[in-house]
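Please find one structure pasted underneath; my questions will follow.
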Amino acid sequence: MMSKKVEKALNAQINAEFWSAYLYLAMAADSQSKSLPGIANWFYVQYKEELDHGMKIFNFLVKRGVKVELMPIDKVPTKWKSVLDAFKDALKHEKEVTAMIDNLFTLAGTEKDYATQSMLQWFIDEQVEEEETPQSIIDTLIRIGDNGSALYMLDKELGARTYTPLDID
Ligand code: FEO
């Protein structure tokens with residue numbers, strides 16, 4: 001049986017993943033308003049992946065016979081001075097998510113909930129990429145500076161990102 005502490009923390013993590021989805025959707029809208037459709041696409045794919053992350057935990061709770069408690073999603077920022085600032089915020093947020101996942105893993109261990117630890121292992125691995133990708137885009141954007149044609153090329157490149165549904169069962 002899942003402990004109340006783990007149950008509460010996993011429900012909070014569902015909320016954090018859906019908040020992340022909302023954040024990336026706001027970044028997609030902001031990039032569209034800056035006439036950068038490729039970067040908007042990248043954020044939009046990220047939004048869909050975050051929904052999958054939330055649903056992966058949602059389905060895990062259902063399988064374990066635990067009631068899912070959906071909580072309100074807090075407001076997200078909606079405007080960034082530049083796409084560089086948006087990616088910096090994305091990286092900062094992903095670092096916070098990594099800390100949440102690490103704390104959850106530790107809690108599950110303390111509660112001897114090894115099934116939860118096993119499920120969380122996927123998230124631990126995923127967070128490495130979740131931090132690495134925005135960091136590499138930030139590095140590129142810093143190199144680009146105010147070079148319009150280089151930004152155009154990056155926009156084209158990020159426009160090629162496609163969504164692959166995650167196995168959420
Ligand atoms: Fe669900 Fe971006 O971590």
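Here the structure is a predicted model, which means the values were calculated and not measured. Atoms within a ligand are numbered from 1 in the order they appear, just like the ligands themselves.
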List the atom pairs, donor and acceptor, that lie under 3.5 Å between side-chain atoms in residues 127-139 and the rest of the protein, sequence neighbours left out.
residue, atom, partner, partner atom, Å
Gln127, NE2, Glu94, O, 3.2
Gln127, NE2, Glu94, OE1, 3.1
Gln127, NE2, Thr98, OG1, 3.1
Glu130, OE1, Gln46, NE2, 3.2
Glu130, OE2, Gln46, NE2, 2.9
Glu131, OE2, Thr98, OG1, 2.6
Thr133, OG1, Glu129, O, 3.0
Gln135, NE2, Asp139, OD1, 3.1

Check: Is Asp30 paired with Lys34 through a side-chain N to carboxylate O contact shorter than 4.0 Å?
Finding: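 Salt bridge: yes.
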Note to self: I need the protein N, O or S atoms closer than 2.8 Å to atom 1 (Fe) of ligand 1, given as residue plus atom name.
What the structure shows: Glu17 OE1, Glu50 OE1, His53 ND1
Margin query: Run the salt bridge (charged side-chain N to carboxylate O under 4.0 Å, His left out) test against Lys48 and tell me which residues pass, sequence neighbours left out.
Written below: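 Lys48 satisfies salt bridge (charged side-chain N to carboxylate O under 4.0 Å, His left out) with no residue once adjacent residues are dropped.
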Item checked: Counterpart residues, salt bridge (charged side-chain N to carboxylate O under 4.0 Å, His left out), relative to Lys112 (two or more places apart) ->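 Checked Lys112 against salt bridge (charged side-chain N to carboxylate O under 4.0 Å, His left out); zero matches.
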Check: Does Lys79 come within less than 4.0 Å of Asp85, counting only side-chain N to carboxylate O?
Finding: no
Checklist line | Heavy-atom closest contact (Gly54 atom, Ile14 atom, distance) | finding: O-CG1, 3.9 Å
